[in-house]
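Scroll down for the structure; my scribbles are underneath it.
Counting starts at 1 for both ligands and their atoms, in listed order.
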Amino acid sequence: MERTFLAIKPDGVQRSLVGDIIRRFEVKGFTLVGLKLMNVSRELAEKHYEVHKERPFFSNLIEFITSGPVVAMVWEGDGVVASARKIIGATNPLNAEPGTIRGDFGVDVGRNLIHGSDAIETAQREINLWFEQEELVSWKPSLMSWIHE
Ligand code: DAT
Ligand code: MG
């Protein structure tokens, strides 16, 4: 089953948006299989954002993501990687459609509330980076037959 890695960034936690953000993925019909509130080490932050290390915003990004608690999550479901990216919205919240998380709650690319893996391979890498295998819980929600034909 397809899985993705999502992380509510320090601004989402500080702004009391954790419940609202989690709810959007729950009511969509995806399954939560991993969840933890954590402070992010500089080492983890730099590995997570490795692809951006030459970008001018890299040091601000690392400062920001390590500045307060983050809610790290793994969600499961058919097509969850691409669908979660749609639910999250465009990287710059000013370009994100209303109805998306970034479109509803953000105005600044440096405070865009949530991370979501951008592809299935990236999701696998990020899940392995952020979670131990035993922290992930495989389960079948009993309402599945009301979500899937
Ligand atoms: P996304 O988070 O939508 O996958 P990304 O992978 O291109 O976006 O960039 C990672 C994060 O880096 C993004 O959430 C916010 C920050 N970022 C991206 N582009 C930026 C820019 N032009 N200025 C400042 N921060 C930026
Ligand atoms: Mg990205």
Side-chain angles (χ1 to χ4, degrees), residues 1-138 141 147:
M1 179 67 87
E2 188 173 318
R3 289 180 171 180
T4 197
F5 171 74
L6 305 181
I8 304 174
K9 297 179 182 182
D11 52 339
V13 176
Q14 297 286 352
R15 290 179 56 196
S16 309
L17 292 171
V18 169
D20 187 299
I21 289 172
I22 289 178
R23 177 157 180 78
R24 292 176 182 225
F25 299 98
E26 272 191 310
V27 296
K28 172 71 173 168
F30 294 130
T31 305
L32 183 62
V33 296
L35 174 71
K36 57 184 172 182
L37 178 74
M38 59 188 284
N39 287 311
V40 180
S41 68
R42 177 165 290 268
E43 186 191 3
L44 174 58
E46 288 178 352
K47 274 190 197 147
H48 175 73
Y49 281 126
E50 204 167 59
V51 292
H52 297 304
K53 65 173 181 288
E54 306 303 334
R55 309 285 286 277
F57 56 80
F58 183 71
S59 62
N60 280 352
L61 186 57
I62 300 305
E63 285 305 316
F64 170 53
I65 209 75
T66 58
S67 67
V70 161
V71 176
M73 301 179 280
V74 178
W75 287 85
E76 186 175 88
D78 288 336
V80 67
V81 173
S83 178
R85 293 280 293 188
K86 287 186 183 167
I87 291 167
I88 289 168
T91 303
N92 184 338
L94 289 180
N95 298 331
E97 295 294 332
T100 65
I101 293 165
R102 289 167 173 171
D104 286 350
F105 299 129
V107 290
D108 188 326
V109 70
R111 296 286 184 272
N112 66 2
L113 298 150
I114 178 167
H115 167 84
S117 307
D118 62 10
I120 289 175
E121 311 77 64
T122 323
Q124 204 48 64
R125 172 187 177 272
E126 292 175 351
I127 291 167
N128 291 335
L129 185 60
W130 287 77
F131 282 87
E132 300 296 336
Q133 194 56 46
E134 58 269 22
E135 292 178 302
L136 301 177
V137 179
S138 293
I147 292 173

Present, as a list of atom pairs with distances to 0.1 Å, all nitrogen or oxygen contacts under 3.5 Å between ligand 1 and the protein.
residue	atom	partner	partner atom	Å
ligand 1	2 (O)	Arg102	NH2	3.1
ligand 1	3 (O)	Thr91	OG1	2.5
ligand 1	3 (O)	Arg102	NH1	3.0
ligand 1	4 (O)	Arg85	NH1	2.8
ligand 1	6 (O)	His52	NE2	2.9
ligand 1	8 (O)	Thr91	OG1	3.2
ligand 1	9 (O)	His52	NE2	3.4
ligand 1	14 (O)	Lys9	NZ	3.0
ligand 1	14 (O)	Asn112	ND2	2.8

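- Looking only at side-chain heavy atoms (C-beta outward), Asn39 and Thr66 stay at 4.5 Å or farther from each other.
- Annotation: side chain of Glu126 is not in contact with side chain of Thr4 (no heavy-atom distance under 4.5 Å).
- Contact annotation: the side chain of Ile87 approaches that of Phe30 to within less than 4.5 Å [non-hydrogen atoms, C-beta and beyond].
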Considering only distance and modelled atom types, tabulate donor-acceptor pairs under 3.5 Å from the side chains of residues 12-23, sequence neighbours left out.
residue	atom	partner	partner atom	Å
Arg15	NH1	Phe105	O	2.8
Arg15	NH2	Phe105	O	3.0
Asp20	OD1	Arg24	NE	2.9

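- Between Val74 and Trp130, every side-chain heavy-atom pair lies at or beyond the 4.5 Å cut-off.
- Here Phe25 and Trp75 bring their ring centres to under 6.0 angstrom of each other.
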